[in-house]
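Report on the following structure.
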Amino acid sequence: MARERRDITGPVRVRFAPSPTGSLHVGGARAALFNWLLARNTGGTFVLRLEDTDRERSTPESEAEILRALGWLGLDWDEGPLRQSERGDVYAAAVDRLRATGAVYAAWETDEELDAQRAAARADKRAPVVRGRRDWPAEDIARFEAEGRRPVWRFAVPLPGETVIEDYVRGTVTFGHDNIEDFVVARSDGTPTYNLAAAVDDLEMGITHVVRGEDHISNTPKQVLVMRALGGDVPGYAHMPLILGPDKKRLSKRHGAASVEDLQADGFLPRAAVNALALLGWSFDDKTTMFTVDELIEKFSITRVSKSPAVFDLTKLRVINGRHLRLIPTDEFAELLLEWLRATGYLEGKGPEAEDLVRRTAPLVKRKLSTFADYDELAGWLFRPLHIEEEAWEVVTRDVKHSIQVIGGGLGRLEALPEWTLDAIKDALQDQLHILGEAAKDFLEPQRIAITGQTVSTGIYESLELLGREEALRRYRSAMARLAEIWATA
RNA sequence: GGCGCAUUCGUCUAGGGGCCUAGGACGCCGCCCUCUCACGGCGGUAACACGGGUUCAAAUCCCGUAUGCGCUACCA
């Protein structure tokens, strides 16, 4: 429910900060989009930062894929990409400053001690938080060091106290410090953890607004604490509702088509993907569902972002995609289709005429496609030798006599055609249809199957024209022969 | 277990006390258009989680309960 909410006004400095541990998922893409829209509509700056402090899981391949996916969506960044892995000295300096002010302390607890502390708190029905000992005797520390142990550095969460976030989406969210543990800011090897690095970067980069998924909300007080300890201006926060799969769990790979890469492979248009992504947790009004990218830039507002999670619906995406497809001029549509077919290898080994064939079928399929991936179902038969699908042939053989009459009738008229043009084909078949007194559907269906092998295809007249006289007549005759054989043995 | 967040048709949502016998979109069903499938048009199906308050009046405000989800690492 939209309450009275503060709006984010510009010019903002916002960032998208994925960790390169996989492909760009729908949730991440939406976060990138919202930040980008905010930057573009306030004349602000969109910064890209790679959070690759986890060296184990971060890969260059993933990084490249994320950049590529952002490019495909058309989300260009103004600064970056910055890599946290290259900013070790920045974080080290920050930790030094925190050390100097006593905001962090060396913690020597072993994993076992930590586990015990958490278990005890849990048994006590308290928050399972860790508080390290801050007053180790010097001789203990000397012993630890002699043993080769290195401490982690924990943030000394001030007690008692609370941290309040004024979230643009959620309103006031309060976290009692009792429930925030003394989180680690620097690992025993000296490298920074996420909460330290993110806070330092947001501060250093002058980020004015952090717009990210709700899964980060419990990190926010920790980052705010770090920023305050560092003496900086805390940015505004907006936590977007999560994106769910059909099972209401956080959308993930196992839900399928959950990454931008998948959407591209499945034949979606970037503009439609952006449109649909924008509608995940945001709405402009009670009815508008079609937006151009420019309209989104103009109309997007954080005040209209929903608080509750949204289930990602591929069907709806397909509908939106189909509508965008139909808005594209046919020439451009043909080129985009061709581009996608080439990229997916569909045209490989199909000969030099294939591209021309695609161009000629483009106007025929434009109104019918939801995504480019539907192309094969409608027009794929044109690129292959005739193969009559079993269930289609069943339709034809259900009434053999009728099919012979109809296909034979069509064949007779087409054979006599002086010229093989769309109009001539159409006139001839329609004339025959009237002579036989058939319903158009009954008359044309067997012929469709005879020439395309399918019950669903491009329009029958257009299909015949595209096939060419010779091949079309060959297919008619072949069907007639098969039917005659069945008739004879019956 | 703790903390946090959320809860309107199957789904996405509109909704800021009377305009709501709750609107739109997708899906689904039916009809029309029609050479199939689509597209397009028309119509229909379907929801305020529950219980208490506050108020002349609550989907809207408050409290509680339930349910769901997120977080709960030397991951991000």
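By convention in this document, chain letters (A, B, ...) are assigned in the order of the sequence lines, proteins followed by strands, and residues within each chain are numbered from 1.
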Between [N] and [M], how many Å separate the two [atom1] atoms, rounded to a whole number?
N: rG41(B); M: rG53(B); atom1: P; answer: 48 Å
N: rG23(B); M: rG4(B); atom1: C1'; answer: 33 Å
N: rG15(B); M: rC3(B); atom1: P; answer: 32 Å
N: rU45(B); M: rU11(B); atom1: C1'; answer: 15 Å
N: rG18(B); M: rA58(B); atom1: P; answer: 11 Å
N: rG52(B); M: rC42(B); atom1: P; answer: 43 Å
N: rU60(B); M: rG17(B); atom1: C1'; answer: 6 Å
N: rA22(B); M: rC48(B); atom1: C1'; answer: 8 Å

Scanning both residues in full, the closest heavy-atom pair of Ser463(A) with Ser457(A) reads OG-OG, 4.4 Å
For Ala479(A) and Trp393(A) the tightest heavy-atom approach is O-CH2, 4.3 Å
So [X], base contact, sugar-phosphate only, or nothing? Heavy-atom distance under 4.0 Å.
X: Gly213(A); answer: nothing
X: Thr53(A); answer: sugar-phosphate
X: Ile460(A); answer: base
X: Val152(A); answer: base
X: Asp286(A); answer: base
X: Phe443(A); answer: nothing
X: Ser58(A); answer: nothing
X: Ser188(A); answer: base

If you check every side-chain atom of [X], which of [options] has the closest atom?
X: Arg122(A); options: rA25(B), rG4(B), rG1(B); value: rG1(B)
X: Asp313(A); options: rU11(B), rC75(B), rC35(B); value: rU11(B)
X: Phe175(A); options: rC12(B), rC74(B), rC3(B); value: rC3(B)
X: Thr315(A); options: rG27(B), rG2(B), rC74(B); value: rG27(B)
X: Glu214(A); options: rC5(B), rA76(B), rG23(B); value: rC5(B)
X: Ala127(A); options: rA76(B), rG2(B), rC35(B); value: rG2(B)
X: Thr289(A); options: rA76(B), rA25(B), rU36(B); value: rA25(B)
X: Asp54(A); options: rU11(B), rA76(B), rA73(B); value: rA76(B)
X: Leu114(A); options: rU36(B), rC75(B), rC74(B); value: rC74(B)
X: Pro128(A); options: rU13(B), rA76(B), rG1(B); value: rG1(B)

With a 3.5 Å cut-off and heavy atoms only, can you find an N or O donor on one side and an acceptor on the other between the side chain of [X] and the base of [N]?
X: Asp215(A); N: rA76(B); result: no
X: Arg448(A); N: rC35(B); result: yes
X: Lys368(A); N: rC37(B); result: yes
X: Lys316(A); N: rU11(B); result: yes
X: Arg326(A); N: rC39(B); result: no
X: Lys248(A); N: rU67(B); result: no
X: Ser218(A); N: rC3(B); result: no

Distance, rounded to the nearest Å, where [X] contributes [atom1] and [N] contributes [atom2]:
X: Tyr194(A); N: rA76(B); atom1: OH; atom2: C1'; value: 6 Å
X: Glu445(A); N: rU36(B); atom1: CD; atom2: P; value: 8 Å
X: Gln117(A); N: rU72(B); atom1: CD; atom2: C1'; value: 14 Å
X: Arg323(A); N: rG40(B); atom1: CZ; atom2: P; value: 6 Å
X: Met240(A); N: rU13(B); atom1: CE; atom2: P; value: 11 Å
X: Asp124(A); N: rC3(B); atom1: CG; atom2: P; value: 13 Å
X: Glu462(A); N: rC37(B); atom1: CD; atom2: P; value: 16 Å
X: Arg212(A); N: rA76(B); atom1: CZ; atom2: C1'; value: 10 Å

Reading RNA chain B from 5' onward, which residue's closest nucleotide shows up sooner: Trp282(A) or Pro18(A)?
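Nearest-nucleotide comparison on RNA chain B picks Trp282(A).
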Query raised in the report: Given that Ala123(A) and Glu377(A) both sit by RNA chain B, which one's nearest nucleotide is further toward the 5' end?
Result: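 Closest to the 5' end, via its nearest nucleotide, is Ala123(A).
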Under a 3.5 Å cut-off for both distances, is [N] Watson-Crick or wobble paired, and to whom?
N: rC31(B); value: rG41(B)
N: rG70(B); value: rC3(B)
N: rU60(B); value: none
N: rA14(B); value: none
N: rA46(B); value: none

Can [X] and [Y] be counted as having a side-chain donor-acceptor contact under 3.5 angstrom?
X: Glu162(A); Y: Thr174(A); answer: no
X: Asn195(A); Y: Thr193(A); answer: no
X: Ser85(A); Y: Asp52(A); answer: yes

Next on the checklist: Parallel, tilted or perpendicular, judged at 30° and 60°: which one describes the rings of Trp282(A) and Phe284(A)?
Outcome noted: tilted
Test ring pair (Phe, Tyr, Trp, His ring centres under 6.0 Å) applied to Trp340(A) and Tyr375(A), step by step
CA-CA 10 Å; Trp340(A) 186 82; Tyr375(A) 182 75; 8.7 Å; no
Heavy-atom donor-acceptor pair, Trp420(A) side chain to Leu417(A) backbone, under 3.5 Å | no
- Test log, rule ring pair (Phe, Tyr, Trp, His ring centres under 6.0 Å), inputs His209(A) and Tyr168(A): CA-CA 10 Å; His209(A) 302 271; Tyr168(A) 282 91; 5.5 Å; yes
Is Lys249(A) close enough to rC69(B) that one of its side-chain N or O atoms is under 4.0 Å from OP1 or OP2 there?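 Checking rC69(B) against Lys249(A), a side-chain N or O does come within under 4.0 Å of OP1 or OP2.
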Q: Compute the ring centroids of His216(A) and Tyr194(A), then answer whether they are less than 6.0 Å apart.
A: yes
